[in-house]
Amino acid sequence: MPELVFFRRGEEVLRVAVERARLVLGRGEHCDVAIPDTEVSRQQVALLWDGERCRVEDLSGKGTLVAGQSVTQGELADGADLALGQWRAVFRLRAGGDGADVTTEVGHTTSVQAPDARATRWQPAQVRVKQGPNESVHRLTGDSFTAGKDAACDLVLQDRFASSRHLKVTRRDGVFHVVDLRSTNGTWLGPVRVFEAEVPLPTVLRVGETELVLEAAAPAARREVADFHGIIGSDPSVRQLAELIERVAPSSAAVTVLGESGTGKELVARAIHACSQRANRPLIPVNCAAISKELIESELFGHEKGSFTGAAGARKGAFEEADGGTLFLDEIGELPLDLQAKLLRALEGGEIKRVGASRPIQVDVRVVAATNRDLLAAAREGRFREDLYYRLCVIPLHLPPLRSRKSDLGALAEHFVRTYSPRGQAVRLTPAALERLQQHSWPGNIRELRNVVHRALLLRKGPVIDASDLSFDVEVNRETGISVPELPPGMTLEQMLEKLERQIVEAALKRCNGNRERVARELGVARSTLFKRLKDWGLTKQDEQE
Ligand SMILES: Nc1ncnc2c1ncn2[C@@H]1O[C@H](COP(=O)(O)OP(=O)(O)OP(=O)(O)O)[C@@H](O)[C@H]1O
Ligand SMILES: [Mg+2]
């Protein structure tokens with residue numbers, strides 16, 4: 001799987017797998033990677049991955065610097081970099097290039113046994129350190145650890161025969177990779193001195209007079225994080241959810257996933273598909289909010305050649321693409337009423353009709369819908385068909401907001417830190433940072449937590465994330481889409497409003513290159529009002545003041 005590795009001042013700080021068809025980078029909260037830099041647009045650039053090649057599409061309207069060239073669209077070659085504020089993000093077609101210290105220390109590779117990657121992938125592991133009668137156990141949290149006499153090693157060995165940086169162990173896709181860091185007395189696997197080896201669990205390594213036992217950790221304790229198809233959490237609500245998913249997945253009944261923005265609805269939809277017998281058939285996502293009213297019918301049902309202007313050839317719709325598989329209708333609450341009727345017909349009869357076609361086609365599709373709206377309220381107000389509501393909500397799955405399952409917060413935060421920190425770096429959250437996370441109310445739910453971790457990894461000064469490295473998404477009012485800042489202490493509402501007004505005007509002036517006619521038009525204020533304001537703020541030019 002390809003990945004994007006972010007560097008700041010030559011230092012790797014963040015790693016993101018390119019696992020989705022579309023990955024959006026930008027400053028805004030709804031991006032897949034949140035980049036805290038005002039030079040980066042709210043939506044800066046999209047990476048479109050088709051399984052072979054990666055294209056970039058600038059979303060800022062100003063161009064994105066790719067391999068030093070400003071582009072609006074183009075292909076992203078292996079090793080090419082994107083300039084994003086103070087960061088450089090390098091695209092690697094094949095993930096897995098590890099930190100330089102490992103790859104340069106190549107001796108000869110002893111392949112002991114290739115363990116089944118899948119079997120050990122999520123297995124918790126530990127190292128038991130045995131020195132004579134003394135024994136201590138260290139649970140493996142990061143992707144790798146170093147061992148040696150030096151205090152900077154993750155595992156400090158009190159052994160006179162150990163070198164200061166003796167060895168490094170990396171876990172990659174469930175495989176444990178041991179590299180001897182040119183130690184004086186060697187790393188031993190039984191009678192064999194190893195320089196680099198892939199080892200299964202359990203394995204006993206000998207360093208000087210010390211035995212390092214790499215082994216599976218004790219079975220998950222109750223507090224241990226569960227991972228169900230990428231859904232992390234051990235809160236009772238999450239466990240119930242996992243059970244429910246397993247129960248409903250095998251049938252072909254429609255499921256609707258309900259929950260606030262960022263609670264993991266898409267993740268749940270994917271888990272349902274993955275647990276179903278349709279798992280080896282496609283899952284086709286359609287975002288009903290992102291497609292224009294004119295195009296959505298043809299997106300869903302396809303069209304015949306020449307059925308409307310612009311329909312040059314015939315095209316399959318999402319229903320046909322998903323035949324035998326699952327259709328994920330995201331933001332179902334935004335589907336226009338006339339299409340709701342057509343969707344209902346498709347669900348009831350298992351038949352669809354392409355736009356412009358005279359005959360219907362039979363399809364076998366399981367629909368999973370998602371929304372953060374109250375569909376029943378929408379039905380009462382006549383914006384959502386009640387019959388469709390009952391048809392879709394045969395099985396409703398309610399996802400809890402993060403603020404009501406704070407017991408999972410630490411585990412989720414650590415999961416994101418582990419997922420996004422560069423390989424070989426054991427980044428951790430300080431207790432103060434964890435405490436600060438607990439205090440936040442999480443209006444943006446798990447997506448916000450992911451963003452907070454992204455930003456902290458990008459901004460951190462070292463291997464720890466402290467409370468001061470955390471910055472939260474601004475709260476956005478759902479109805480108006482306006483972010484609401486908090487009133488700073490000691491400031492009155494009036495002072496705040498004036499400050500905001502001035503900021504809005506100044507930003508508009510900048511955007512319009514100082515053209516005040518345009519600013520007045522854009523902001524919908526009379527020119528005289530704008531001029532008066534600018535004068536009050538001392539923002540008029542010298543000659544106009546006289
Ligand atoms: N339980 C979880 N464990 C791990 N990651 C999660 C979990 N829930 C959500 N996420 C992650 O949080 C992010 C947002 O989740 P997702 O896109 O599924 O939210 P959503 O409910 O569809 O939000 P929206 O309504 O805004 O579309 C994703 O990166 C997802 O992988
Ligand atoms: Mg979603």
Side-chain angles (χ1 to χ4, degrees), residues 1 4 14-26 28-34 43 47 122 224-245 255-274 283-291 327-335 368-375 396-420 437 442-455 457 473 475-478 481:
M1 194 187 294
L4 208 53
L14 172 78
R15 167 179 55 109
V16 180
V18 181
E19 56 192 345
R20 315 169 127 240
R22 182 180 161 91
L23 193 77
V24 177
L25 314 180
E29 282 101 58
H30 274 270
C31 292
D32 298 301
V33 186
Q43 293 214 333
L47 266 60
W122 300 113
E224 190 58 41
V225 201
D227 177 338
F228 178 78
H229 294 276
I231 303 169
I232 303 284
S234 49
D235 188 87
S237 63
V238 182
R239 266 187 266 148
Q240 269 171 18
L241 179 74
E243 276 173 30
L244 205 54
I245 292 174
V255 178
T256 295
V257 191
L258 302 158
E260 289 178 17
S261 181
T263 46
K265 295 186 291 295
E266 181 162 350
L267 209 55
V268 167
R270 290 183 186 278
I272 295 171
H273 177 70
L283 171 98
I284 305 290
V286 174
N287 186 329
C288 302
I291 303 164
L327 178 62
F328 174 42
L329 296 176
D330 203 359
E331 317 278 4
I332 186 81
E334 316 306 313
L335 195 68
V368 177
T371 182
N372 53 26
R373 290 197 176 243
D374 180 348
L375 284 185
L397 289 184
H398 294 271
L399 302 198
L402 183 52
R403 63 183 168 282
S404 72
R405 47 178 281 217
K406 280 205 174 162
S407 62
D408 281 339
L409 200 63
L412 278 164
E414 274 159 10
H415 161 76
F416 287 133
V417 170
R418 237 178 298 130
T419 309
Y420 297 112
L437 295 178
W442 302 107
N445 292 300
I446 301 174
R447 176 181 296 109
E448 183 180 8
L449 177 60
R450 186 200 64 192
N451 292 350
V452 167
V453 171
H454 280 158
R455 287 192 291 254
L457 283 169
D473 290 0
E475 191 155 352
V476 174
N477 182 293
R478 279 235 214 104

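As the structure lists them, so they are numbered: ligands from 1, and atoms in each ligand from 1.
- In Thr263, the parts holding a heavy atom less than 4.0 Å from any atom of ligand 1 are both the side chain and the backbone.
- Ligand 1 is never approached by Gly233 to a heavy-atom distance shorter than 4.0 Å.
- Among all protein heavy atoms, the one lying closest to atom 12 (O) of ligand 1 is Ile446 CG2, 3.7 Å.
- Remark: among candidates His415, Arg450, Arg447, the nearest residue to atom 28 (C) of ligand 1 is Arg450, based on non-hydrogen atoms.
- By the 4.0 Å N-to-carboxylate-O rule, Arg450 lies too far from Asp473 to be salt-bridged with it.
- Not counting sequence neighbours, the partners of Arg373 by the side chain to side chain donor-acceptor pair (under 3.5 Å) test are Glu334.
- Of the possible polar contacts, none joining the Asp235 side chain to the Asp408 backbone as a donor-acceptor pair under 3.5 Å is found.
- Taking a 4.0 Å cut-off on heavy atoms, Gly262 registers as neighbouring ligand 1.
- Residue Asp330 places no N or O, backbone or side chain, under 3.5 Å from any N or O of ligand 1.
- Protein heavy atom at the shortest distance from atom 25 (O) of ligand 1 is Lys265 NZ, 2.7 Å.
- Contacts of Glu266 with ligand 1, taken as heavy-atom pairs under 4.0 Å, involve both backbone and side chain.
- Side-chain contact between Leu399 and Asn445: absent, with no pair of heavy atoms (C-beta onward) separated by less than 4.5 Å.
- By the 4.5 Å heavy-atom criterion applied to side chains, Leu375 and Ile332 are counted as neighbours.
- Between Ile231 and ligand 1, a contact under 3.5 Å exists for no N or O pair.
- Listed by atom number, the atoms of ligand 1 under 4.0 Å from His30 heavy atoms are 26 (O).
- Nearest protein neighbour of atom 4 (C) of ligand 1, counting heavy atoms only, is Gly230 O, 3.3 Å.
- Atoms CZ and OG, from Arg405 and Ser407 in turn, are 8.0 Å apart once rounded to the nearest 0.5 Å.
- Any N or O atom pair closer than 3.5 Å counts here, and Ser261 shares at least one such pair with ligand 1.
- Residue contacts with ligand 1, taken as heavy atom pairs separated by less than 4.0 Å, involve Leu412 solely via side-chain atoms from C-beta onward.
- Less than 4.0 angstrom separates some heavy atom of Asn372 from each of these atoms of ligand 1: 25 (O).
- Looking at His454 and Leu14, their side chains come closer than 4.5 Å, going by heavy atoms from C-beta outward.
- For ligand 1, the atoms sitting less than 4.0 Å from at least one non-hydrogen atom of Gly264 are 8 (N), 9 (C), 15 (O), 16 (P), 18 (O), 19 (O), 20 (P), 21 (O), numbered in the order shown with element in parentheses.
- Side-chain contact between Asp32 and Val16: absent, with no pair of heavy atoms (C-beta onward) separated by less than 4.5 Å.
- Counting protein heavy atoms only, atom 30 (C) of ligand 1 is closest to Leu267 CD2, 4.2 Å.
- Residues Leu4 and Leu25 are in side-chain contact: their nearest non-hydrogen atoms beyond the backbone lie under 4.5 Å apart.
- A distance-only check finds no donor-acceptor pair linking the side chain of Trp442 to the backbone of Ser404 [under 3.5 Å].
- Contacts classified as salt bridge (charged side-chain N to carboxylate O under 4.0 Å, His left out) and involving residues 265-274 (residues at least two apart or in different chains) are given here: Arg20-Glu266, Glu266-Arg270.
- Considering both main-chain and side-chain atoms, Phe416 never comes within under 3.5 Å of ligand 1 through any nitrogen or oxygen pair.
- If you check which protein heavy atom lies closest to atom 1 (N) of ligand 1, you get Ile232 O, 3.2 Å.
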